[in-house]
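The structure under discussion appears below in the form of structure tokens.
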Amino acid sequence: MSDLVQLTTDNGIAIITINNPPVNALSPGVPEGIADAIDKINADASIQAAVLIGGGRTFIAGADIKEFGKITSGKTAGTLDLPTVLLRIEDCRKPVVMAIHGTAFGGGLELAIAGHYRVAARGALVGQPEVKLGIIPGAAGTQRLPRLAGIEKAVEMCAGGNPIKTEEAAKLGIVDRLIEGDLLKGAVAFAREVSGKPAPKTRERNEKLGKPEQNGAMFAAARDAARKKQRGLVAPLAAIDAVEAATKQSFEEGCKTERKLFMDCLFSDQSKAMIHVFFGDREVAKIPDISKETPLIPVNRAAVVGAGTMGGGIAMVFANAGIPVLLKETDQATLDRGMANIRKNYETSVKRGRFTQQFVDERLKMITPTLTYDGFENSDMVTEAVFEGMALKKQIFGELDRICKPGAILASNTSTLNIDEIAGSTSRPQFVIGTHYFSPANVMRLLEIVRGKASSKEVISTCMQLSKKLGKVGVLVGNCRGFVGNRMFHPYVRESVFLVEEGASVEAVDSALYEFGMAMGPLAVGDLAGLDVGWRIRKEYRHLEKPGVRVAMAGDQLCELGRYGQKTGAGWYKYDENRRAIPDPEVPALVKKWAAEAGIQQRQISPAEIVDRCVFSLVNEGARILEEGYALRAVDIDIIYINGYGFPVHRGGPMWYADTVGLKKVYDRVREFEQQHGELWEPAPLLKQLAEQGKTFADFNKQQTATA
């Protein structure tokens with residue numbers, strides 16, 4: 001018997017307890033321990049039935065994801081495979097009751113549905129989230145689940161990956177009984193009821209599998225939905241194929257089909273990228289020079305200066321996390337408008353079923369609109385979210401410095417400005433930090449936490465921890481112009497405009513990057529954010545540009561014509577009253593004229609060139625940022641781009657994508673662009689070095705971690 005699995009008895013009922021904290025993952029040793037326990041139960045005549053339960057706070061939350069990497073690199077062989085263990089449970093001569101609390105995800109649910117019965121605590125969750133790692137269930141989950149829940153729900157759970165509560169699972173037939181009170185006690189009582197009765201094997205239950213002629217339309221609709229909603233992803237379609245196999249093949253044949261599809265997915269670039277992102281989300285929380293023991297500043301009250309789009313969104317973020325927040329504006333009309341927008345956002349969330357009306361009413365009570373700094377002296381953290389201008393921000397930080405209590409965190413939501421300069425307008429620069437939210441702040445998961453020269457470790461550590469409470473992925477970045485995300489975004493957008501000036505249509509540029517997997521094309525993003533935002537920033541920094549270096553002009557010239565994007569009904573596209581984009585024939589004519597005046601030769605441009613120029617400009621700038629230390633690791637850049645800029649998760653982020661292409665190929669292409677387009681394409685020294693050494697950004701991460 002493994003240390004991870006204990007076997008005890010209670011008056012003829014065996015109790016198998018999994019103790020592999022924190023989430024009872026199916027790491028090596030757990031399946032073996034379960035198999036040993038089942039063998040003992042079979043051999044012991046005094047045992048009439050068994051209960052399998054998770055120790056601690058959960059049932060089994062899934063496989064050990066690290067094991068997948070070992071399989072693909074050929075390191076694991078000879079461990080007892082899960083499908084064999086599950087058949088052993090199902091073939092047990094005594095009824096096996098699975099007792100679920102917390103979560104039964106992935107391999108955990110596959111284990112549960114191989115039992116003869118399932119009982120569960122209310123509010124627990126069950127699900128097959130494997131598609132979120134680019135794989136499908138691999139231990140007969142796609143074969144047993146449709147036999148219990150029916151094919152439609154099985155497709156939704158295996159291809160969508162979202163969990164359901166045990167209350168719904170009970171209605172569907174996945175769970176046989178909900179237990180009130182003590183789960184183990186209830187499970188043992190249930191086991192006594194079913195002992196001595198024939199134990200139903202899930203794999204032999206075919207009554208919910210439907211008939212192929214009726215199923216066809218459902219599978220076709222599911223594939224259409226997956227292609228739209230999970231664009232470019234292979235695993236959801238593989239999951240649908242596997243569930244369909246359950247309806248057309250015997251259980252044994254269906255398992256073989258599932259296994260082949262599972263292995264194809266596991267060895268794909270998509271799965272490796274998505275597993276990289278899964279671990280990356282956790283990796284970014286680790287700051288090499290800040291220990292876990294660093295004391296945290298309690299943030300129980302917050303305040304926000306500025307009730308515009310960003311300020312209102314940030315106030316909602318605090319309120320949603322249960323932190324009361326003051327929201328300040330300079331005049332009543334602007335404040336009223338800000339509060340009206342907040343109410344409208346909440347109404348939309350209620351309509352979409354994201355929040356209940358009761359939740360929204362409670363959150364709105366937590367936001368106190370104000371025209372003065374009254375009450376700011378009690379705030380533990382104040383976030384400034386005003387117009388992006390240095391003079392105004394310095395003025396506000398000077399005022400906050402005088403009003404706020406000692407030890408309060410003063411944060412700026414600037415997207416490009418120098419945090420050290422802002423901190424310099426206070427007498428407490430160690431308490432000043434950047435918290436760069438992404439629009440809309442109440443929706444986007446990314447929070448760039450900008451470390452100033454003086455920002456204290458307590459303040460940094462508090463903001464990193466707080467980001468989790470706020471439902472954000474916090475990534476620590478250094479203080480340079482544009483920080484990490486916007487500094488890289490600048491060359492990406494610049495190339496998209498250059499491509500239009502050189503003859504690509506606006507639609508061709510956006511479509512090539514959308515097909516690559518980006519949430520939106522760069523020109524459509526500009527129209528959504530407002531072309532005037534970038535125009536204003538470029539004007540502020542124009543004095544820093546090198547004379548003679550090409551500058552993207554078409555976007556600024558559209559602004560000079562008053563075409564700012566969606567808000568003015570025209571930018572790169574025209575917009576109807578529902579803000580739907582329509583190609584505008586005026587734009588190519590204007591660009592052609594401007595290009596001719598600037599002496600730019602127009603030509604045919606392939607989608608492959610569009611993607612390489614835009615994406616490799618991200619990678620090249622990312623390599624510079626990494627080398628200069630403004631990002632701690634390449635994975636931090638990937639997480640920023642996936643959560644803040646709509647980079648496709650199945651490509652793992654720009655730096656991981658470059659690794660999969662091969663840095664030698666990327667470097668050669670960058671050199672080619674340098675020869676064609678000049679010094680803006682000068683390769684980053686780190687890209688050159690890694691390409692010449694045959695290494696990757698991931699290797700550079702390991703080296704950084706080893707020396708940290």
Side-chain angles (χ1 to χ4, degrees), residues 26 52 59-63 82-83 85-87 89-90 96-98 100 103-120 124-133 135-177 200-212 214-215 218-219 221-223 225-226 235-262 265:
L26 289 162
L52 189 150
F59 186 68
I60 291 169
L82 193 57
V85 178
L86 302 192
L87 287 170
I89 294 169
E90 212 170 28
V96 179
V97 178
M98 301 289 179
I100 300 167
T103 56
F105 287 165
L109 181 57
E110 289 177 300
L111 176 84
I113 59 181
H116 304 113
Y117 300 97
R118 281 146 298 284
V119 299
L125 295 170
V126 301
Q128 298 282 188
E130 288 89 342
V131 289
K132 298 189 175 183
L133 295 175
I135 54 176
I136 67 166
T142 62
Q143 305 304 297
R144 285 193 180 93
L145 189 60
R147 288 172 157 85
L148 293 175
I151 55 167
E152 199 158 342
K153 196 68 195 180
V155 162
E156 187 190 307
M157 288 173 72
C158 294
N162 295 323
I164 60 168
K165 285 199 169 146
T166 41
E167 289 83 342
E168 187 184 347
K171 287 189 189 122
L172 291 163
I174 300 170
V175 166
D176 298 294
R177 184 177 297 171
K201 293 181 184 180
T202 305
R203 69 176 189 258
E204 290 173 0
R205 296 169 64 168
N206 298 326
E207 67 274 14
K208 289 188 176 178
L209 292 180
K211 297 277 180 291
Q214 284 107 35
N215 293 345
M218 196 282 300
F219 284 117
R223 286 186 177 100
L237 295 169
I240 296 167
D241 290 348
V243 174
E244 188 169 33
T247 68
K248 291 183 165 176
Q249 299 175 339
S250 68
F251 179 79
E252 291 70 22
E253 286 303 311
C255 286
K256 281 183 193 159
T257 300
E258 178 197 80
R259 192 75 191 160
K260 183 187 179 309
L261 289 163
F262 169 78
C265 286

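- Of the possible donor and acceptor atoms, none in the side chain of His116 sits under 3.5 Å from a partner among the backbone N and O of Pro200.
- The shortest non-hydrogen separation linking Ala169 to Val126 is CB-CG2, 4.0 Å.
- Scanning all heavy atoms of the two residues, the minimum distance from Pro163 to Leu125 falls at CB-CB, 4.3 Å.
- Atoms CD1 and NZ, on Ile89 and Lys201 in that order, are 13.0 Å from each other to the nearest 0.5 Å.
- For the pair Arg144 and Glu110, the salt-bridge criterion is not met [side-chain N within less than 4.0 Å of a carboxylate O].
- By the side-chain contact (heavy atoms from CB on, under 4.5 Å) test, Pro129 is found to be paired with Phe105, residues two or more places apart in sequence or in another chain being considered.
- Here SG of Cys255 is found 15.5 Å from NZ of Lys260. Values are rounded to the nearest 0.5 Å.
- Applying the side-chain hydrogen bond (donor to acceptor under 3.5 Å, both in side chains) test to Thr247 and every residue at least two apart in sequence or in another chain returns nothing.
- Residues meeting the side-chain hydrogen bond (donor to acceptor under 3.5 Å, both in side chains) test with Glu168, sequence neighbours left out: Lys153.
- Dense packing is recorded around NZ of Lys208, with more than 12 heavy atoms of other residues, nucleotides or ligands lying under 6.0 Å away.
- Smallest separation of non-hydrogen atoms from Leu87 and Phe251: CD2-CE2, 4.2 Å.
- Considering CG of Leu111 and CG of Leu26, their distance stands at 6.5 Å, rounded to 0.5 Å.
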- Task: Step by step, work out the side chain to side chain contact (heavy atoms under 4.5 Å, CB included) result for Asn215 and Ile151.
- Result: CA-CA 8 Å; Asn215 293 345; Ile151 55 167; 3.0 Å; yes
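- Put simply, the side chain of Cys158 does not reach to within 4.5 Å of the side chain of Val131, judged on heavy atoms.
- Remark: Glu152 CD to Phe219 CZ distance equals 9.5 Å, nearest 0.5 Å.
- To the nearest 0.5 Å, atoms CG (Leu172) and OG1 (Thr166) are separated by 11.5 Å.
- A donor-acceptor contact shorter than 3.5 Å is absent between the side chain of Gln143 and the backbone of Glu258.
- For Lys248, the salt bridge (charged side-chain N to carboxylate O under 4.0 Å, His left out) test picks out Glu244, with sequence neighbours left out.
- Scanning both residues, Ile113 and Arg118, for their nearest heavy atoms gives CA-NH1, 3.5 Å.
- Between Tyr117 and Arg177 the shortest side-chain heavy-atom distance does not fall below 4.5 Å.
- Asp241 is linked by a side-chain hydrogen bond (donor to acceptor under 3.5 Å, both in side chains) to Arg223, counting only residues two or more places apart in sequence or in another chain.
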- Any chance you could lay out the side chain to side chain contact (heavy atoms under 4.5 Å, CB included) test for Ile100 and Ile60, step after step, and finish with the verdict? CA-CA 8 Å; Ile100 300 167; Ile60 291 169; over 6 Å; no
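- In this structure, the separation between CD1 on Ile136 and CZ on Arg259 is 10.0 Å, given to the nearest 0.5 Å.
- Applying the side-chain hydrogen bond (donor to acceptor under 3.5 Å, both in side chains) criterion to Glu130, with sequence neighbours excluded, gives Gln128.
- Between Ile240 and Ala159, the shortest heavy-atom distance links the atoms CG1-CB, 3.8 Å.
- No donor-acceptor distance shorter than 3.5 angstrom exists from the side chain of Glu90 to the backbone of Gly115, with no hydrogens or angles considered.
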